[in-house]
Amino acid sequence: KLLADISYHVTLTKTNSPPSAESKRQKWLEIPGFLVALVHQNQKALEEYTSTDDAYKALPFMPPETERQLEDYASACAAIQNVLLSLHAEGIGSKWATGPVIETPAFREL
């Protein structure tokens, strides 16, 4: 439910249309499950934004700054792909997706 609510607020901010935002929320509520994977990197830089800005405003893009951060990101991507392949082998449909919801402080607080 929290992800659907974040999607509602992000869509409302982008479109200024409550019906569009509610439609997006309903689509998110129909999804039977989520797998959320995060790579902890440059968290200190994010803290200054999460404490002062709108919870549904996109955070700035912060690419990996070190080789270790880049390796951690690549390892997380490989692990996610392996999970998706495993789900497929079991006949379970899945989708890798990113978007504006994951860019918000509200998502990071989940």
Measure across Ser7 and Trp28 and return the closest heavy-atom pair with its distance rounded to 0.1 Å. OG-NE1, 3.0 Å

Check the surroundings of atom CG in Asn16: do more than 12 heavy atoms from other residues, nucleotides or ligands lie under 6.0 Å from it? no

Do Leu38 and Leu2 share a hydrophobic cluster, counting only Ile, Leu, Val, Met, Phe, Trp and Tyr and linking them when any side-chain heavy atoms are less than 4.5 Å apart? yes

Answer whether the closest heavy-atom distance between the side chains of Ser23 and Lys27 falls below 4.5 Å. yes

Side chains of Ser17 and Leu12: does their closest heavy-atom pair fall under 4.5 Å? no

Would Leu35 and Ile102 show up in the same hydrophobic cluster when neighbours are defined by side-chain heavy atoms closer than 4.5 Å? no

What's the shortest heavy-atom distance between Thr11 and Lys24, and which atoms? OG1-CG, 3.4 Å

In sequence, state the C-alpha distance, the side-chain angles, and the governing distance for Thr13 and Lys57, and then conclude on side-chain contact (heavy atoms from CB on, under 4.5 Å). CA-CA 8 Å; Thr13 299; Lys57 182 179 176 186; over 6 Å; no

Side-chain atoms of residues 83-101: list all donor-acceptor pairs with protein atoms under 3.5 Å, sequence neighbours left out, distances to 0.1 Å.
none

Do you know the tightest heavy-atom contact between Ala55 and Pro105? O-CD, 3.3 Å

So do Ile6 and Thr104 actually touch side chain to side chain, heavy atoms under 4.5 Å? yes

Going through the distances and angles, do Glu30 and Gln26 end up as a side-chain hydrogen bond (donor to acceptor under 3.5 Å, both in side chains)? CA-CA 6 Å; Glu30 293 172 5; Gln26 291 306 314; over 6 Å; no

Flag side-chain contact, heavy atom, 4.5 Å: Leu3 against Phe107: yes

Quick check: does any side chain N or O of Gln69 sit under 3.5 Å from a backbone N or O of Glu65, one acting as donor and the other as acceptor? yes

Is it the case that one hydrophobic cluster holds both Val10 and Phe34, taking links as side-chain heavy atoms less than 4.5 Å apart, direct or via other members? yes

Phe61 meets the ring-ring contact (aromatic ring centres under 6.0 Å, His included) criterion, sequence neighbours left out, with none

Closer than 4.0 angstrom, basic N to acidic O: yes or no for Arg68 and Glu71? no

Within this structure, what is the SG-CG distance for the pair Cys77 and Asn82, rounded to the nearest 0.5 Å? 11.5 Å

